[in-house]
Every structure is written in structure tokens, then in C-alpha cells.
Amino acid sequence: MEVCALKYDFASIEPKWQKKWEEAKVYAAEDSSVKPKFYGLIEFPYPSGQGLHVGHPRPFTAMDIVTRKKRMDGYNVLFPIGFDAFGLPTENYAIKNHIHPAIVTKQNIANFTRQLKMLGYGFDWDRVVDTTDPGYYKWTQWIFLQLYKHGLAYKTTMPVNWCTSCKCVLANEEVVEGVCERCGAPVIRKEKSQWMLKITEYAQRLIDDLDDVDFIERVKIQQRNWIGRSTGAEVTFKATTGDDIVVFTTRPDTLFGATYMVLSPEHALIKKWAPVLKNLDEVTAYQKAAASKSDLERTELNKEKTGVKLDGVAAVNPVNGREIPIFISDYVLATYGTGAIMAVPAHDDRDWEFAKKFGCEIIEVVSGGEDVQKAAFTAKDDTGILVNSEFLNGLTVKQAIPVITKWLEEKGIGSAKVNYKLRDWVFSRQRYWGEPIPMVWCDNCGWQPIPESELPLLLPEVESYEPTDDGESPLSKMTDWVNTTCPCCGGPARRETDTMPQWAGSSWYFLRYMDPKNDKALASKEALDYWSPVDWYNGGMEHTTLHLLYSRFWHKFLYDIGVVPTKEPYQKRTSHGMILGEGGEKMSKSRGNVVNPDDVVKNYGADTLRLYIMFIGDFEQAAVWSDNAVKGCKRFLDKVWNLAESCDASPEHTPANEAGLHKTIRKVADDIEGMKFNTAIAAMMTLVGDFQKNGCSRGDMKTLLTILSPFAPHICEELWEMLGGEGFVCQQSWPAYDESKTVAATVQMAVQVNGKVRANIVVPADADNDAIVAAAQADPKVQKFTAGMNLVKSIVVPGRLVNLIVKP
RNA sequence: GCGGGCAUGGUGUAAUGGUAGCCACGGUGGUCUUAGGAGCCACUGGAGAAAUCCGUGCAGGUUCGAAUCCUGUUGCCCGCACCA
């Protein structure tokens, strides 16, 4: 009773076509071509032990559709895939199960590869990259050496973010609300010697060059905010000890209102002043307390200001010679500006709060607000007028800033200054599973880069990958490997034992895809010139201030040293929303709401999964997974299958379907370009509904299969073959649409009377306005509302509606 | 606190300032069936017998016309957060 032979048997169709595509290499990018190039990129996955998550197919399918469409438009397309395989989860798994991370990685990559192939993505598998492959990380290390040689990599001791659980330092970007981005454990400050990369040197260019690229606005805004440019002045205050205290302020106009100063607890001058401090014990105790607080505690406690007045030293306000007290407090950050501030309690909320608690003087210097004894007046616009400020009196804030800045410069006590929130990138990790940093310490010569000819510096085999409690890398125990000779003097030397962070390998991987097997350079000049830049890069918002920023920085550096031909790596950046579990919550193992793509493919097929994940909602918004809704997409493909079996043999379009076909061809093309995949699919569903009503021909079906193929490639190949199509459907040209054929002979228009819809009329598509108005007025339903009234005005919106404005 | 976003049927959503709810899910009824968790048909924002009226978080405004633009407001989400 079941018609097995004719059923849509996705389970056998899908592997069949995956094999055929692979054999025919239909998705291989050509190294040179007469066609224009198109480089579409997705963020390469981290091959975790859990396998592909149902969140992955959303961006992957989207770019697969975009690149399939580009191929059909005649582009030479590069759509590559690889694996970002260094990193903590693999290392932790290896420790727990006593399997070498390299083996774990290999297994995970094999599983990911199987799953990605199962979903029918048109990746060029000949270009696959793996960041843990020595042939790859040789070039990651090479880039590090170039950064070092150009003064952009340096080792320094400074307070860094330390994850108490991972036993490892974190970059600023990896700390989220005071806890470790990865494991959620508290982050504390720890003084450690670390390799740093001078991303701050590129801060201004990272802001400016956003103007030249086509990134969605929220990505640009978030990057600008993260870099955090602010303009103001640096001003030098003299201490009673004769020392200079330099502060940064965005409000030099309020200098006359500076009634005290605050240093961060870590400030270097405190140590210097120890002999003159009468309350040294109190100061030291406060410093200790501040150091042991985690970032989370520091922010949680921000309601209540704390601090200690330095007894025995004071500062002099340079504009009026007044002696003012100096405090230390953890509300002043050591790592921003100069680590010291001038406090103007009348015009800064934080200073005001502190002044109230510690009884400092509050002097109004900008009038226009409420009583400054009751609240700070912080307006920076032209609402405030300077008072109590000698030569600044009467000016607005905006007018006063350049005047005082010039005055400071003339007196040699200050100058205009730009500051950024962005800090240098902490690049060392005390972990095993990462790229070794190719540096050697020699007691005579200091830090020395290893010769480029010795790259790659291989990650040695170790017995134990456990992070050590003393905060040193597991590599530090490998004395055979650590002890080496100095490349400079030949004497005994020690290797750097920290490794690079996970972000290293992903900062340049898109370049390697251009020429993945090159052993002379990270990629050949010809390949870089041909493929650069990435035309369209889609990825998650969570990488905006991590990977996306880091890779822009590396790329700019590579541009500066002549390696890459473009200032920016990516021309266009878009971002997808998250897929949430059935309850609207984030999918996670602990909630037990994770959907595995393997199960969906098994039950419904890859084409249904692809279709559903694109139909689920607005691509940029978060969307909730629904097992039920998947069925709707399966039903749609069943209908397509049945229609293909039952359609008439005519190669021509059915006249009744003509307008619908042309409209849908245009709609799907536009929607792919605009990433509105959900409405593209809705339009094709409508077309299929019309086919069911009107009947359809082989010609209708072949056009439908062509435009559906980027979304559901397997079923379209099978039916294309069944209907006698030549070659692969994925290699067809995108069908041309004829604008004139999208318009029917007559159109239905709504008739409004005084803005309310009262009737619908059908008029010839080419009717002029007068004829439309006449037809509208002739309608009996309309006349009901216009009887005895005068037509004052009429508005005609061609093809849509006519609005008659009438008055008694 | 600062920056960004969102708010439309029972649900996911759709609507170049131009007929609000396309397309799906779910639901109701019918049909076919030994059976239906398959398929097909019809209905499905609310009220009403109907004419019609009311509906896009809330309050205003601009406009012939507002889900869309403007002002204010409430609630959610995301990013940053003592950045001087």
C-alpha cells in the first residue's frame, strides 16, 4: 500500500548527492578565473567533543545559500572550512580521560567533518585548515615573530586577570562581568610577567577604518565602545614632596574645582612616599585589601566608596596654588589613564560621592545645575557657565575646554590628550594545548626570538598537561625542551613555556584558506592579491570584541609590513541570532534542551533541517527551536516531491504560473542578498501552493528546483535528474526574471474613503489615475459613504489603493 | 549609570509611510480509512446574526493615510560598566 519507490527517501538521496558532488569537485574554488571572485566566510568551528550543535547550522546554512547563489550568478566562489582546534575544553577532556589532546582533536575533527558533510554544505574540502597542524601554526608563530621584531610584542609584569579555576591568565576581552568567559569562575588580579601585544597602537585606526567597511551598525558601535576613545588633557600636579603627579581628565574646564586627588592603590608613587607617610600601616592594609578583591567584588561593592587619605603628603592645584589632600581608593583604576585623578566633586558623580563620605570640599565651577552640595552637576554641553574660575568665568563648558588646554600648554603643566579604554592584549597562557611562543630567554642577551628557519617550534609531548598550582605552564616541567641555547650568544638559555591564546590561530586563518598548502609563506602573494579581502563574513556577536577585533589588528599589522594587500580583512560583516531551546532558554547540556543535528537529519533529512533553520525567523534575531515547526518544512518538501512526480511533461511554463514564477525568482534573489531567508522560503511555499491549484509543468518545476536548490540542495538534485535536467542543478545559472511578466493584466486596489478601506476594485494594470478614481467612485459600497459629499482630494497609490477625501 | 536593540493572533513571524497578520506551527470541523500521529478540504485576531466596529506595549504628535516617522513613557533582551 505504501508507494515506497516513489516516496521522498531523503536517507538515500542525501548521501548519494554528497558523494557525486565530492567526486565532481563542484565546490572547488579555482585559483584563477575569468569569472569575478567571491569569498564567503563563516567562523570556523571549535571541534568540541559534543559535536555540532544545532546553533552551528544557522550561520553555516546562511552562507552556504549565499555562496551557492553566487556560483549560480557566475562567480568563482571560495567557501572554505577549517577547525579552530587549540584550546581549553580539549585539554581538560584530555586530562580527565588520559588521552593526548592531539588524539582528542583528531577524533573531534573527524566527527565534525562527518556532520558538516551530512548537512550538504558546499565547502571546498581541499582547503581545510587545522590550527593545531604544525604546518599551520608555523605561520602563527611566524606572525608573532614579526610582531616582536616590529616592537609590538613585549613581555612585562603587570596586574592581569587570573582565572582561579582555569589557573590561567585571561585577556581583558575574556572577562565577562568579573568572571571567566569560559568557565564562570571568579577572576582576580595577579601580578605576572606576560607577553603582550600592542593592540593599543592600532586603536585609532581600528576606529577610523570602520568607516570604509560594510559591517552591520551594531558591530561597529560595539567595537567603537570597546576601544572607548575619549579626549581631554593630561595635567601635572606637584606634590609637596616635589614629585609630579600626572592625571588625565576629560574636563580640564573644571580644574578650579579640583579639591583633592585620588591615586589607584597600585600607584608607584605610594611606594616612593612610604618614608614620609604617617599612616603607612593603614595605607598598606588598604592596598592589600584592594589587591585580594576579585573583579566581581570590586564592582559589586561600588555603591560604597572606600579609601585612605595619605597623611604626610599633599598636592598643589596648578591653576590656583591651593594645597589639596591626596587619597588612595580603588575607584581609581591603575590601568586606565595615568592611574591617578584630580577629583572635582561638584561636577562628577563618583567624586561627589567620595567627597561626601570623606568630608572633602565641594566647589562649584560650572553654574546652571542644582545646588552642588546636594548633587553633582555633570552636563558637558552649553547649559553650564563657568564660575569661580578666574579667566574661564562666563564661558560655556565647550568654550572653556580649548581655552584652558591652551593655557596649560603655554604654562607647560599640561597638554591635550586622547585616551582609550582598549588595553594591550595579554597574549600568554599557562596551558599546554596552544602554540608555543617562539622565544628564548638568555641571562646575557635577554629575550631572543628563535630563528625563522627553526619554525615551526613544535609543541613537545608531555606526560601531564595539568595546569600547575604555582601558575606556570605545564611545559615548564619539560626540562629537556626548556633548556636550549641562545640564538644570539650560543650560551645556555631557556624557552618560553607559556603558550598562545586560542585567538592566535583564528586571527589569520582566512588568509591560509587562500593558499592552504604553501610552505614558503603564509600564503602566496598571488593568492592574497586575488582573493583579498573576504567579501562577506558572517559570525556571532559574541566575537565582536574578541576574534573580530584581534584579527582586524593582526591584518592591519600584516598590511603595514607588506604581507597582505588590504587594510581591512573583511569587506562585509553580518551576524546571526542565537538558537534557543524549546523553553526560550539558551541550549545547554545542564538544561537538557540541546538539539542534536544528527537526530533531526535522521528523522527529517538534512534538507528539512536546512530549510527549517532558515525559516525559523529573522536571521539577526534570536529564535526558539520547535520540534513541531520542523514538520512544516518537511511537508513542504513532500509537496515539492509529489508535484515533480505528477507534473505534466511540458518544458514551458504554465501560463497561470508565469507571473508567480517571475515574482518568486526576483523575491528569492533579493531576500538572499538581504539575508531574509525566512521570507524567501515563504515565497516559495506560496508558489508551490499556486502550483497545486493551477497545476504545473516540468518547466515550472525545473525553475522552482533551481531557485530552491541553494536551500535544499539534495532533493533538488534528485528531482532535477528525475525531470531530465542536464548536469547538476547547483551548477545551473540563476533563472532570469522578466519584470514585465511579474505584472498581471489587472490589479486589485483597495478604495479608502477618508482613510478607511470601504471596497476593493479591479482595474487594468495600466489604468490612469482619473480612470481609477472614476472606477472607485462608481463602486456601490463606496457610494454608500460618498453620497451627498464633495470630493475634496484623491490620492492614488499605483497598484495598491486609492484614497478619496470627501466633505459634506 | 552609559551604549544598542526589541515589543504585532494561542505560537514562530510577515508587511519600500499605502488593504495589518504573508508563510508556517498549533487548534476546530469535515473527508478518506480497520486505524490515523499520514494525505486532502474548510475555518482559525476580538466582538457581532449582519451591516459594521475594535485591534500592532502605553500616551500624545506629524500625515489624506502610521506597526513603520517624531516626542514622552513602561516592560524585556544584549553589550560595557567606578574608563576620570
Side-chain angles (χ1 to χ4, degrees), chain A residues 1-2 176-178 217-226 228-230 232 247-251 254 258 262 264 295 298-299 301-303 305-306 329-333 335-344 347-351 353-354 378 419-423 541-542 544-545 577-578 584 611-612 615-618 620-633 635-636 638-639 642 676 678-689 692 748-760 781 784 792-806:
Chain A
M1 105 143 242
E2 288 213 0
V176 178
E177 287 174 3
E217 203 53 33
R218 56 194 174 128
V219 169
K220 290 190 181 185
I221 289 166
Q222 213 169 296
Q223 288 211 343
R224 283 194 197 104
N225 286 348
W226 184 262
R229 181 183 203 268
S230 57
V247 301
F248 171 71
T249 177
T250 57
R251 295 291 303 278
T254 62
V262 187
S264 66
D295 284 14
R298 256 174 103 141
T299 47
L301 294 175
N302 75 19
K303 300 139 213 156
K305 296 264 183 294
T306 59
S329 172
D330 65 3
Y331 89 89
V332 173
L333 306 175
T335 47
Y336 181 76
T338 61
I341 62 155
M342 63 177 211
V344 185
H347 304 292
D348 182 279
D349 290 324
R350 297 150 301 181
D351 297 345
E353 204 187 314
F354 188 89
T378 58
N419 248 312
Y420 302 91
K421 287 189 210 169
L422 186 71
R423 290 175 226 166
M541 282 306 287
E542 70 274 18
T544 303
T545 53
M578 230 193 307
L611 210 55
Y612 174 62
F615 185 62
I616 195 166
D618 184 330
E620 294 207 42
Q621 302 289 127
V624 178
W625 179 270
S626 161
D627 278 331
N628 261 329
V630 180
K631 292 178 193 158
C633 291
R635 280 180 203 146
F636 168 67
D638 284 334
K639 279 184 206 171
N642 293 335
K676 295 166 81 176
N678 52 337
T679 52
I681 294 166
M684 289 189 281
M685 287 174 167
T686 306
L687 183 66
V688 166
Q692 286 184 311
Q748 183 183 292
M749 291 178 73
V751 182
Q752 295 182 333
V753 179
N754 291 342
K756 292 206 171 201
V757 179
R758 298 300 180 185
N760 278 296
K781 280 187 190 157
K784 208 171 131 187
V792 183
K793 193 177 171 184
S794 63
I795 296 111
V796 177
V797 183
R800 291 204 177 258
L801 61 70
V802 51
N803 190 5
L804 305 175
I805 310 305
V806 294

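Excluded from the calculations below are hydrogen atoms, water molecules and symmetry mates; all remaining heavy atoms, backbone and side chain alike, are included. Every chain is numbered from 1 and lettered A, B, ... according to where its sequence line falls, protein lines coming before strand lines.
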Nucleotide N/O to protein N/O under 3.5 Å, stretch nucleotides 2-4 of chain B:
residue: B/G3; atom: O2'; partner: A/Asn225; partner atom: ND2; Å: 3.0

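- Here A/Ala629 pairs with A/Tyr612, A/Ser626 under the side-chain contact (heavy atoms from CB on, under 4.5 Å) rule; sequence neighbours left out.
- By the 4.5 Å heavy-atom criterion applied to side chains, A/Arg423 and A/Thr335 are counted as neighbours.
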Report task. Quick one: the dot-bracket string of RNA chain B, using Watson-Crick and G-U wobble pairs with both distances under 3.5 Å, [ ] for crossing pairs and | for bases paired to another strand. Result -> (((((((..(((.....[....)))((((((.......))))))(((....)))..(((((..]....))))))))))))....
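- At least one side-chain heavy atom of A/Val796 sits under 4.5 Å from a side-chain heavy atom of A/Met749.
- For the atom pair A/Ile221 CD1 and A/Thr544 OG1, the distance stands at 11.5 Å (nearest 0.5 Å).
- Regarding the sugar-base torsion, B/G39 falls in the anti class, its angle being beyond 90° of 0.
- Considering CZ of A/Phe615 and CG of A/Asn678, their distance stands at 7.5 Å, rounded to 0.5 Å.
- Between A/Arg800 atom CZ and B/A15 atom P the separation is 12 Å, expressed in whole Å.
- Between A/Gln222 and A/Met541 there is a side-chain heavy-atom pair separated by less than 4.5 Å.
- Here B/C25 presents its P atom at 12 Å from CG of A/Leu611, a figure rounded to the nearest Å.
- Judged as a side-chain contact (heavy atoms from CB on, under 4.5 Å), and not counting sequence neighbours, the contacts of A/Val624 are A/Leu580.
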Report task. If a protein heavy atom is under 4.0 Å from the base, mark B; if only from the sugar-phosphate, S; if neither, -; do that for nucleotides 46-57 of chain B going 5' to 3'. Result -> -----SSSS---
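- In terms of position along RNA chain B, the nucleotide closest to A/Val797 lies nearer the 5' end than the nucleotide closest to the other residue of the pair A/Val797 and A/Asp351.
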Between the protein and nucleotides 6-12 of chain B, are there any N/O to N/O pairs under 3.5 Å, and if so, what are the atom names and distances?
residue: B/G12; atom: O2'; partner: A/Ile616; partner atom: O; Å: 2.6

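- For A/Lys421, the side-chain atoms get nearest to B/C80 when compared with the rest of B/U19, B/A15, B/C80.
- In this structure, the side chains of A/Val806 and A/Val753 come closer than 4.5 Å at one or more pairs of heavy atoms.
- A/Asn678 has its CG atom 14 Å from the P atom of B/C23, to the nearest Å.
- Here A/Ser230 reaches the OP1 or OP2 of B/A84: one of its side-chain N or O atoms lies under 4.0 Å away.
- Counting distance only, with no hydrogens placed and no angle test, the side-chain atoms of A/Lys631 and the base atoms of B/C25 include no donor-acceptor pair under 3.5 Å.
- B/A7 sits 15 Å from B/U11 when the P atoms are compared, rounded to a whole Å.
- Among residues two or more places apart in sequence or in another chain, the salt bridge (charged side-chain N to carboxylate O under 4.0 Å, His left out) test is passed with A/Asp351 by none.
- When rounded to the nearest whole Å, the span between OH of A/Tyr420 and C1' of B/C80 equals 19 Å.
- Checking A/Lys639 against A/Thr679, the closest nucleotide of RNA chain B that is more toward the 5' end is the one next to A/Thr679.
- Note on A/Asn419: every side-chain N or O is 4.0 Å or more away from OP1 and OP2 of B/A84.
- Here A/Lys756 pairs with A/Arg758 under the side-chain contact (heavy atoms from CB on, under 4.5 Å) rule; sequence neighbours left out.
- Remark: A/Arg218 engages A/Glu620 in a side-chain hydrogen bond (donor to acceptor under 3.5 Å, both in side chains) (not counting sequence neighbours).
- In this structure, A/Trp625 places its CH2 atom 17 Å from C1' of B/U13, rounding to the nearest Å.
- You'll find that the side chain of A/Ile341 is closest to B/A84, out of B/A84, B/U19, B/A14.
- Separation of atoms CH2 (A/Trp226) and NZ (A/Lys421) is listed at 9.0 Å; rounding is to 0.5 Å.
- Applying the side-chain hydrogen bond (donor to acceptor under 3.5 Å, both in side chains) criterion to A/Thr686, with sequence neighbours excluded, gives no partner residue.
- OP1 or OP2 of B/C25 has at least one side-chain nitrogen or oxygen of A/Arg635 nearer than 4.0 Å.
- For the OP1/OP2 pair of B/A84 and a distance below 4.0 Å, the side-chain nitrogens and oxygens of A/Tyr336 include at least one atom meeting the criterion.
- A/Lys220 comes within 4.0 angstrom of no nucleic acid atom, judged by non-hydrogen atoms across all strands.
- A straight line from CG of A/Asn628 to C1' of B/C25 spans 7 Å, rounded to a whole angstrom.
- Of the inter-residue distances, the one linking A/Leu804 atom CG with A/Ile795 atom CD1 reads 8.5 Å to the nearest 0.5 angstrom.
- Rounded to whole angstrom, the span from the CG atom of A/Leu801 across to the P atom of B/G65 amounts to 13 Å.
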Pairwise N/O distances under 3.5 Å, protein to nucleotides 60-64 of chain B:
residue: B/C64; atom: O2; partner: A/Asn803; partner atom: ND2; Å: 2.6

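- Taken from CG in A/Asp348 to CD in A/Glu353, the straight-line distance is 10.0 Å, to the nearest 0.5 Å.
- Among the heavy atoms of the strands, none lies under 4.0 Å from A/Glu217.
- Once rounded to the nearest 0.5 Å, the distance linking CG of A/Leu333 with CD1 of A/Ile341 reads 10.0 Å.
- Relative to the six-membered ring of A/Tyr331, A/Lys305 meets both conditions, a distance below 6.0 Å and an angle of at most 45° to the axis.
- Under the side-chain contact (heavy atoms from CB on, under 4.5 Å) criterion, A/Thr378 pairs with A/Asp349, A/Ala376, not counting sequence neighbours.
- The CZ-C1' distance, from A/Arg251 to B/C82, rounds to 17 Å in whole Å.
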